[in-house]
Structures are given as C-alpha cells and as structure tokens.
Amino acid sequence: MKVYLDNGATTKVSDEVVRAILPYYKKHYGNASSLHDFGAKAKEALEKSRKIIAQEINADPEEIVFTSGGSESDNLAIKGIAYGNKKKGNHIITTKIEHPAILGPCKELFLEGFKVTYLDVDKNGFIKLNQLKKEISDKTILVSVIHGNNEIGTVQDIEKIAKICKKKGVYFHTDAVQSFTKEKIDVKKMNIDLLSASSHKIHGPKGIGFLYIRKGVNIKKMLYGGRHENDKRAGTENIPGIVGFAKAVQLDKKLKQIKKLRDYLIKRIEKEISDVKLNGDRNKRLVNNVNISFKYVEGEALLMHLNDRGIAVSTGSACSSQSLEPSHVLVAIGLKHEDAHGSIRFTLSRYTTKQEIDYTVRELKKVVKLLRDMSPWKKGINYEAKEGDHHGY
Amino acid sequence: MAIDYTKKVMRVFRNPKHFGEIKNADGVGVVGNPACGDIMKVFIKVGKNKKGEEIIKDIKIKTFGCVAAIATSDTMADMIKGKTLKEAMKLTNKDVAKKLGGLPPIKMHCSNLSEEGFRAAIKDYEKKKK
Ligand SMILES: Cc1ncc(COP(=O)(O)O)c(C=O)c1O
Ligand code: FES
C-alpha cells in the first residue's frame with residue numbers, strides 16, 4: 001500500500017486540474033500580451049482565473065499578482081514593502097515560526113541595515129498580541145505573520161493581528177500558503193494588506209502562486225521587464241499554471257472529511273502508542289495537519305522505516321536537517337531537543353482514506369516499537385549531556 | 001529529505017544484527033547525549049582466544065539516532081566481534097564508513113558515536129579489571 005501523508009510538502013495534481021490545463025499547452029498556447037486571437041484566448045483565461053482566485057479571498061481581481069509560487073510571493077511582500085517604504089521606516093516585525101521564504105528575505109534585509117523583530121510564540125504556537133503591540137513603533141513598516149503553520153499546523157488569529165496593524169498604520173502581510181482554501185479568508189473584512197498563496201499545496205501545478213496586494217499599498221517591484229501583472233511583476237504569464245491554480249481553487253475541498261480523518265489519526269496514535277505528544281494547538285490547527293513527537297526514537301529512522309512500508313511523512317528531527325539543528329518552529333514552541341528529535345508530521349489531503357490511516361497506524365505502532373526496543377533511552381533514564389562526547393567533530 | 005545513503009547502509013539499517021543487551025556485561029559504554037543528537041550504549045563480554053589473548057566474545061548495542069547512527073553502530077559491532085581488544089582499539093569510524101560504501105559527509109559525525117561507544121566499553125572493562 002502506498003500512503004502519501006506529506007501534503008504539507010506538496011500535493012497530487014488532481015485529474016480535473018490536469019484536464020483543465022492541457023488545452024492551454026496544446027491549443028491555446030498564445031501569449032496573453034499578444035494582439036491576435038491566440039493572445040486573446042490566453043488573456044481571457046488569465047482574467048477568468050484571476051477572478052476565480054480573487055473571489056476565494058474576497059479580493060478584487062486587480063489585487064491578485066501571479067508569481068512563481070509561495071517563495072516568490074513571500075520575497076516580493078517582504079522586500080517590496082521594505083524597499084518601497086524606506087522613507088517611513090526600516091523596521092519589520094515577523095515571528096519565530098515563519099517559513100524560510102519569510103526568514104530568508106528578512107535576514108537579507110537585516111544584513112542591509114533593516115531592523116527585524118521576531119515575535120515569540122507560546123507552547124501551542126500562538127504569538128502574543130501584547131508583544132506585537134509593544135514592538136510596533138513609528139519606524140515599523142510591516143508586520144508579517146504566518147497564517148497556518150506548515151510544521152505544527154497552528155492557525156493564528158490573523159483578523160485580530162491585522163486589526164492591531166491597521167490601528168497603528170502598519171502594513172500586514174500573512175503567509176497563507178498552507179491555509180489558503182483550508183481556512184476562511186476575507187481580506188476586506190480581515191483588513192489584510194498582503195497575502196501569499198501557492199498552487200501546489202492545493203492540488204494545482206507547481207511553480208505558480210500569487211501575492212494579494214491591497215489597492216493603494218506602496219510596494220516596490222522586484223522583477224523588472226514588461227508591465228505584466230498590473231506592473232507589479234514582469235514575465236509572460238504562466239497560463240497553464242494559472243488555469244490549473246484556478247481549477248484547484250474550485251475543487252470540492254472536502255474539509256470536513258479531512259478534519260475527521262485528522263482527528264481520527266490523532267486519537268488513535270494517542271490511545272495506542274505510549275509517550276507521544278501532539279505539537280501545535282489541538283483545535284486551532286490546519287484541517288490536514290498532525291504533528292506528533294514520539295519519545296525515545298529519532299525521526300529520520302522512523303521516517304525511513306515508514307517509507308519502507310510505503311508511507312510518506314516528514315520530520316523536524318535535527319538528524320534530517322542540513323544544519324543538524326532541530327526545526328526552528330519546534331524550538332520556538334519550547335520543545336526539548338529530544339522531543340523535537342522524534343517529531344513526525346503527517347499531512348492529509350482530500351484523497352486520504354480511512355483505510356490509509358488505519359494502515360498507517362498499524363505500521364507506525366510496529367515501527368515505533370521496533371525503534372524503541374533498539375533505543376538505550378527509556379522512560380526514567382536520564383542521560384547527562386557531557387561536553388565533547390560526540391557532536392562538535 | 002534528500003540524504004543519499006548507500007544500499008549497504010540501508011540494508012544494515014533495515015536488518016541490524018547486534019542490537020540488544022548483555023545482562024552481566026564485562027564492560028558497558030554510553031556515549032553521546034540526546035540533546036545534541038544521539039545516544040549509544042555498548043555491552044561487551046570479554047573472553048580469551050587460543051593464544052590466551054583477550055577478545056570481544058560477545059557484543060550487543062543500543063542506539064538512539066538516525067539511519068546512519070543505527071547502520072554504523074551495527075556495522076562496528078559486526079567488525080569488532082571476535083577481535084582481540086588490541087585489534088578492536090585500532091578500528092576507527094573511517095573503517096566503518098568504508099565498509100558501508102561511504103556516508104554522506106553530513107552523516108560522518110554519526111559514525112564517531114560508534115567508535116567512541118566501543119572504546120568506552122573496552123575502557124570500562126579495563127577499569128573494572130584493575
Ligand atoms: C508556509 C509556507 N510558505 C511558503 C512556502 C513556499 O511555497 P512554494 O513552494 O510555492 O515556493 C511553503 C511551501 O513549502 C510553505 O509551506
Ligand atoms: S544521529 Fe543525528 S544525524 Fe545521525
């Protein structure tokens with residue numbers, strides 16, 4: 001049995017989406033900027049798709065800027081606002097649990113002289129609104145807070161956060177790459193100025209995303225060339241990608257079904273495997289995210305054994321990262337390194353079935369037992385950290 | 001996840017042979033720590049060969065760590081079993097890595113653990129003997 005439970009990384013492109021895309025490779029391959037009929041056909045598809053996507057978050061179509069994906073949207077938001085509002089200030093506020101697509105540009109800006117504040121989160125992964133209020137100064141130009149966290153699934157109250165930003169006259173951006181179409185988003189009602197989303201997380205094709213930019217927001221263009229996308233991002237539009245993205249938005253999301261399976265998976269693991277801990281908030285979490293630490297075992301080894309049994313998951317273990325540091329998100333919610341070590345993320349989709357979850361739990365129980373039997377580390381044993389014992393070579 | 005393990009590493013990881021405990025071990029070594037990564041525990045039983053030299057008669061290990069940590073510790077146990085203490089002390093983590101057809105550079109540090117584990121167990125035995 002093959003069970004794909006890594007939908008937080010990427011998703012299967014749905015058959016409906018593939019069908020919708022094909023004509024735009026085979027027949028309507030025109031450039032949307034061209035004046036002939038080929039161009040008109042492409043332009044028509046482009047604007048129709050833009051409308052569908054805008055409606056999903058109650059934006060106006062002109063406020064949607066198509067990009068190459070979530071990473072580009074995040075970079076455009078952070079750098080575009082920073083460079084576009086230098087006159088006002090040089091301070092950006094974000095959080096300790098952002099995706100690297102936010103942390104990366106923030107670090108670059110810091111090296112260029114901008115000031116960046118990283119908000120703490122509590123043990124469930126929520127920022128503290130008081131800290132946010134305190135950190136906003138007259139030099140602050142942007143607050144960027146991830147909506148649904150890609151690792152632990154915690155969903156922030158972005159409406160409240162945006163309200164604070166609006167009151168203080170600071171732009172608010174949210175990385176909604178994981179939450180888009182999973183959580184209700186109304187950019188007008190919620191006072192959101194900028195929002196990033198990506199197609200390949202919702203059964204659309206890879207390499208296409210958008211940045212919603214509220215009308216009137218002062219943002220500097222990052223990619224120069226033609227005057228595409230409301231003169232905010234140059235480049236011949238990826239029509240097949242955009243058509244596929246719009247189709248993916250129109251799919252039946254099956255959120256209730258996914259959520260039910262998510263809770264079923266959590267419940268069974270908690271009941272049938274000892275010494276486990278759910279990471280992230282139990283209720284305010286992405287409908288498809290389960291992140292659990294299995295004590296006394298290491299995540300990479302667990303992942304590989306599951307992989308041998310056809311089950312695809314991911315881990316926040318230090319052993320599987322290039323830096324040999326545990327996931328920054330797990331550290332930010334206060335997990336001890338040894339708990340981060342045994343963390344596994346299961347992310348479901350509309351295609352996940354109960355049979356798959358049952359199979360996963362069955363195999364998981366075996367694999368956790370196998371590795372625990374091999375581990376010298378058990379309940380009640382404490383290994384003192386001895387300097388120079390191992391790492392640091 | 002794009003760690004390139006050799007087929008040999010994966011084979012040993014899937015089917016390790018030396019995991020377990022020895023109840024009345026002559027030497028026990030514990031190295032590493034969970035905060036920075038891994039822990040390994042080594043149990044040895046010491047005997048004598050025909051020439052009267054001390055040898056590792058039996059060996060069992062327990063490892064908390066990644067695929068590489070599990071594969072290297074098991075391979076080290078395999079290489080060390082039956083060897084004289086002197087020979088065993090000469091083995092290094094590089095020999096283990098070589099036997100496994102190499103390790104990804106980022107995973108070389110995991111093999112240090114097995115080397116240190118066996119040395120700690122042998123040292124523990126020698127200390128107890130005195
Ligand atoms: C929260 C979050 N932001 C940004 C990204 C980057 O999106 P993309 O892969 O489309 O560049 C991802 C996906 O990995 C994500 O989960
Ligand atoms: S045990 Fe942590 S990287 Fe190998």
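Sequence lines set the chain letters: A, B, ... in the order given, protein chains first and strands last, and positions in each chain run from 1. Quick caveat, the model's predicted, so the values are computed rather than measured.
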Visitor: By a 4.5 Å heavy-atom criterion (distance strictly below it), what part of A:D339 contacts chain B: side chain, backbone, both, or neither?
Guide: neither
Visitor: Relative to chain B, which of A:D373, A:L371, A:L370, A:D308 shows the most heavy atom pairs under 4.5 Å?
Guide: A:D308
Visitor: My understanding is that only residues two or more places apart in sequence, or in another chain, count here; which of them pass ring-ring contact (aromatic ring centres under 6.0 Å, His included) with A:H328?
Guide: none
Visitor: Is there a donor in the side chain of B:Y125 and an acceptor in the side chain of B:E54, or the other way round, less than 3.5 Å apart?
Guide: yes
Visitor: Measuring heavy-atom distances to chain B, does A:S317 have an atom under 4.5 Å in its side chain, in its backbone, in both, or in neither?
Guide: neither
Visitor: For the residue pair A:F294 and A:F346, does the interplanar ring angle fall in the parallel (under 30°), tilted (30 to 60°) or perpendicular (over 60°) class?
Guide: perpendicular
Visitor: Just jot down the side-chain contact (heavy atoms from CB on, under 4.5 Å) partners of A:S73, sequence neighbours excluded, or say none.
Guide: A:T67, A:S196, A:L211
Visitor: Identify which part of B:M108 has an atom lying under 4.5 Å from any heavy atom of chain A, answering side chain, backbone, both or neither.
Guide: neither
